[in-house]
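These notes are about the structure you will find just below.
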Protein chains: 2
Amino acid sequence: MATGRTHRPATRSRGIPEATVARLPLYLRALTALSERSVPTVSSEELAAAAGVNSAKLRKDFSYLGSYGTRGVGYDVEYLVYQISRELGLTQDWPVVIVGIGNLGAALANYGGFASRGFRVAALIDADPAMKGKPVAGMPVQHTDDLEKIISENGVHIGVIATPAGAAQQVSERLIAAGVTSILNFAPTVLSVPDGVDVRKVDLSIELQILAFHEQRKAGEEAAAVAGAAGDAVTPPSLRADTAAAAAAAAASRKGPDGDVPAVMPA
Amino acid sequence: MATGRTHRPATRSRGIPEATVARLPLYLRALTALSERSVPTVSSEELAAAAGVNSAKLRKDFSYLGSYGTRGVGYDVEYLVYQISRELGLTQDWPVVIVGIGNLGAALANYGGFASRGFRVAALIDADPAMKGKPVAGMPVQHTDDLEKIISENGVHIGVIATPAGAAQQVSERLIAAGVTSILNFAPTVLSVPDGVDVRKVDLSIELQILAFHEQRKAGEEAAAVAGAAGDAVTPPSLRADTAAAAAAAAASRKGPDGDVPAVMPA
DNA sequence: ATGCCTTTGTGAACGCGTGCACAAAGATGG
DNA sequence: CCATCTTTGTGCACGCGTTCACAAAGGCAT
Ligand SMILES: NC(=O)c1ccc[n+]([C@@H]2O[C@H](COP(=O)([O-])OP(=O)(O)OC[C@H]3O[C@@H](n4cnc5c(N)ncnc54)[C@H](O)[C@@H]3O)[C@@H](O)[C@H]2O)c1
Ligand SMILES: NC(=O)c1ccc[n+]([C@@H]2O[C@H](COP(=O)([O-])OP(=O)(O)OC[C@H]3O[C@@H](n4cnc5c(N)ncnc54)[C@H](O)[C@@H]3O)[C@@H](O)[C@H]2O)c1
């Protein structure tokens with residue numbers, strides 16, 4: 001899955017734990033599927049299986065919303081769909097802007113699932129003058145010059161950043177100054193934002209690197225299992241000054257045609 | 001950020017906590033930037049600021065890798081880059097396949113950051129016969145018929161799924177049967193996979209819904225703050241049978257031209 | 001009505017992750 | 001060689017999240 005959080009760390013949200021909030025969309029999706037199949041009720045066990053979680057966890061999650069189940073029977077599907085939607089704020093319409101209409105931004109604009117649950121793409125914004133007016137997903141791209149106007153006129157509170165990493169911080173500042181208080185960031189940068197602004201990030205590189213870590217471990221374990229005592233696959237924690245040279249060499253060769261421009265501090 | 005995890009829950013990875021593993025790529029990115037600017041050493045405080053984390057957390061994270069710092073000085077940037085890269089398994093080359101070359105899949109294929117750190121797109125695979133041979137990001141799209149052959153011939157262990165949700169489970173099964181043991185899933189579905197296979201998911205809808213939840217709370221708090229006792233914005237936990245009708249209505253109207261097809265259980 | 005059977009809701013224990021705060025390590029300057 | 005100053009590495013406490021396990025609740029059949 002995508003990654004973590006970057007908001008106010010502990011501010012309990014009316015008692016609903018952050019971990020629970022993150023799972024509600026999962027439950028909602030499973031419930032919607034049941035609803036479409038006209039299933040009237042569902043037990044915590046069944047729903048948990050569909051959402052891929054532990055049934056006790058699901059029941060505890062729901063208990064934060066209230067006592068919406070019936071013992072011996074389960075949960076009313078329609079009713080739960082409504083309650084969770086309301087809790088997540090999906091009963092209202094959320095206008096969203098996408099900034100940076102390149103490969104990814106265009107894919108996002110074309111994404112149907114966007115509009116599916118209360119989210120409406122209010123505008124597509126790009127800094128490239130050549131993009132101005134060009135239709136993407138049946139909507140003309142607008143120039144960044146009008147960013148503030150677009151945000152305020154549409155009452156936008158949620159912004160999606162799909163610009164190169166180098167532009168992300170600046171874009172976020174403009175979005176926030178114009179009234180945006182929630183940002184979904186696809187650029188591989190750490191955004192620094194004022195209190196009260198929520199940032200969530202989606203970072204492909206990080207996800208792949210985490211997978212690579214586990215993949216390497218699997219390979220190491222396997223090798224270790226095959227050859228009884230070939231204790232080297234997982235690398236020995238011994239060398240130090242020796243590897244310094246190799247380290248420098250490795251670092252020197254590391255400068256591919258990347259897009260991963262990290263955020264750095266003064267010095 | 002993107003979302004959670006779906007692998008073996010507690011299997012401690014040679015002592016390195018999962019939370020730490022998830023942050024290593026962040027540190028690596030910040031360190032790489034320093035390296036490119038030829039900064040020789042960095043303190044935990046500085047690096048933590050660049051990565052957007054607490055400095056104590058960073059030091060504890062590094063302590064799991066070993067004692068790589070020098071007291072009174074800080075960490076050697078090049079050396080640390082090498083150590084983290086090695087720990088994450090990025091000193092080797094990871095061939096990756098992308099399955100489902102639509103809007104998103106094409107954007108991913110064109111993404112430079114992919115190749116940046118040890119990941120190489122080995123093949124693009126799609127089920128649409130019309131796509132076969134069509135070049136995307138300078139690489140011909142191959143047909144799913146050859147999926148197994150492509151995986152085994154290239155020694156692929158990591159697969160990216162960017163197909164519609166309905167196809168994701170089946171695609172994952174073919175990938176796994178062919179030898180893939182790590183999957184990055186962009187389709188909004190819960191994949192069920194055998195033990196030993198890691199799945200991470202990136203789910204746009206979930207991220208937006210989490211933002212919407214917090215956004216709604218902000219609006220509620222604001223309203224409550226403005227009007228002293230207009231205690232209704234956050235909804236009263238009273239009604240029940242009354243809202244059942246509204247719930248049904250809301251659910252009935254909820255069936256937009258979505259792509260969010262959830263996974264469902266038998267019955 | 002009464003009893004059985006299913007399933008919820010939650011108390012309690014546990015484990016992981018986070019952050020504080022500080023002693024020890026080491027560099028640096030005199 | 002010693003004193004001082006910086007910064008690491010970590011012991012410790014705390015809080016959140018997860019999971020178990022079970023009593024209470026309610027439907028349903030008899
Ligand atoms: N393509 C992917 O699959 C993918 C995956 C993960 C992350 N990312 C990240 O998403 C971002 C976008 O990726 P992409 O492949 O679409 O890049 P891209 O170069 O195709 O698109 C970037 C777009 O942003 C616009 N832009 C640049 N500066 C801007 C500014 N200040 N304000 C508004 N618009 C601006 C450019 O004109 C361009 O249209 C990058 O940060 C990339 O690292 C992309
Ligand atoms: N576009 C986005 O921004 C975005 C964002 C988040 C999530 N997603 C999800 O990513 C997935 C892809 O989105 P998209 O917009 O690219 O859709 P798309 O319809 O443009 O592309 C899907 C592609 O998958 C191919 N495909 C279908 N079945 C296949 C199979 N069995 N094997 C191989 N290929 C198959 C299709 O031929 C098509 O090319 C969807 O599940 C979507 O919900 C997309």
Side-chain angles (χ1 to χ4, degrees), chain A residues 3-24 26-27 39-49 51-77 79-80 83 210 237 240-241 265, chain B residues 1 3-24 26-27 39-49 51-77 79-80 83 210 237 240-241:
Chain A
T3 31
R5 66 201 67 156
T6 318
H7 10 215
R8 38 213 173 139
T11 315
R12 74 284 174 271
S13 303
R14 208 240 304 194
I16 302 183
E18 189 62 27
T20 295
V21 173
R23 281 188 294 268
L24 290 181
L26 230 47
Y27 302 144
V39 176
T41 62
V42 64
S43 72
S44 64
E45 204 73 49
E46 291 169 318
L47 186 54
V53 303
N54 181 301
S55 71
K57 197 188 290 186
L58 178 142
R59 287 198 299 276
K60 181 144 289 190
D61 283 342
F62 285 176
S63 78
Y64 292 116
L65 309 184
S67 281
Y68 294 155
T70 306
R71 294 168 192 235
V73 177
Y75 298 91
D76 182 284
V77 172
Y79 186 66
L80 248 193
Q83 288 298 341
I210 295 172
R240 176 75 200 256
M265 72 256 124
Chain B
M1 50 230 109
T3 30
R5 66 201 67 155
T6 316
H7 9 215
R8 28 200 187 155
T11 315
R12 75 282 176 270
S13 304
R14 209 239 305 189
I16 301 182
E18 189 62 28
T20 295
V21 172
R23 280 187 296 267
L24 290 181
L26 230 47
Y27 302 144
V39 177
T41 61
V42 64
S43 73
S44 64
E45 205 72 50
E46 293 168 317
L47 187 54
V53 303
N54 180 299
S55 70
K57 196 188 292 186
L58 177 143
R59 286 198 299 277
K60 182 148 291 190
D61 283 343
F62 285 177
S63 78
Y64 292 116
L65 309 184
S67 281
Y68 294 153
T70 306
R71 292 169 192 236
V73 177
Y75 299 90
D76 182 283
V77 172
Y79 186 67
L80 205 46
Q83 289 298 341
I210 295 172
R240 176 77 200 254

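Computed from coordinates, the B:Y64 OH to C:dC16 P distance equals 10 Å when rounded to whole Å. If you measure from atom CG of B:N54 to atom P of C:dT18, you get 9 Å, rounded to the nearest angstrom. In this entry the distance linking CD1 of A:I16 with P of D:dG17 reads 12 Å, nearest Å. Regarding B:D61, its CG atom lies at a distance of 16 Å from the P atom of C:dC16, rounded to whole Å. Taking atom CZ of residue A:R23 and atom P of nucleotide D:dG17, one finds them 8 Å apart after rounding to whole Å. Distance CD (B:E46) to C1' (D:dT6): 12 Å, rounded to an integer number of Å. In this structure, A:E18 places its CD atom 8 Å from P of D:dG17, rounding to the nearest Å.
Considering only residues two or more places apart in sequence or on other chains, A:R23 meets the salt bridge (Lys or Arg N to Asp or Glu O under 4.0 Å) condition with A:D61. Looking at residues two or more places apart in sequence or on another chain, you find a ring pair (Phe, Tyr, Trp, His ring centres under 6.0 Å) between A:F62 and A:Y27, A:Y75. In this structure A:S55 satisfies the side chain to side chain contact (heavy atoms under 4.5 Å, CB included) test together with A:S44, A:E45, A:A48, A:R59, sequence neighbours excluded.
Annotation: the span from B:D76 atom CG to B:Q83 atom CD amounts to 10.5 Å, rounded to 0.5 Å. Atoms OG1 and CG, on A:T20 and A:L65 in that order, are 8.0 Å from each other to the nearest 0.5 Å.
With a cut-off of 3.5 Å on both pairing distances, the Watson-Crick and G-U wobble pairs of DNA chain C assemble into stems of 3 or more at C:1-30 with D:1-30.
Considering every non-hydrogen atom in both B:Y64 and B:G15, the closest pair reads CD2-O, 4.0 Å. Nearest heavy-atom pair, B:E46 versus B:S43, reported as atom, atom and distance to 0.1 Å: OE1-N, 3.0 Å. Nearest heavy atoms, B:L47 versus B:V42: N-CG2, 3.7 Å.
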Nucleotide N/O of nucleotides 7-9 of chain D paired with protein N/O under 3.5 Å:
{"residue": "D:dT7", "atom": "O4'", "partner": "B:G72", "partner atom": "N", "Å": "2.9"}
{"residue": "D:dT8", "atom": "OP1", "partner": "B:S44", "partner atom": "N", "Å": "2.6"}
{"residue": "D:dT8", "atom": "OP2", "partner": "B:S44", "partner atom": "OG", "Å": "2.6"}
{"residue": "D:dT8", "atom": "O2", "partner": "B:R71", "partner atom": "NH1", "Å": "2.9"}
{"residue": "D:dG9", "atom": "OP1", "partner": "B:G69", "partner atom": "N", "Å": "3.1"}
{"residue": "D:dG9", "atom": "OP2", "partner": "B:Y75", "partner atom": "OH", "Å": "2.7"}
{"residue": "D:dG9", "atom": "O4'", "partner": "B:R71", "partner atom": "NH2", "Å": "2.9"}
{"residue": "D:dG9", "atom": "N7", "partner": "B:R59", "partner atom": "NE", "Å": "2.9"}
{"residue": "D:dG9", "atom": "O6", "partner": "B:R59", "partner atom": "NH2", "Å": "3.2"}

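For B:K60 and C:dG17, a side-chain-to-base donor-acceptor distance below 3.5 Å is absent, hydrogens and geometry of angles not being considered.
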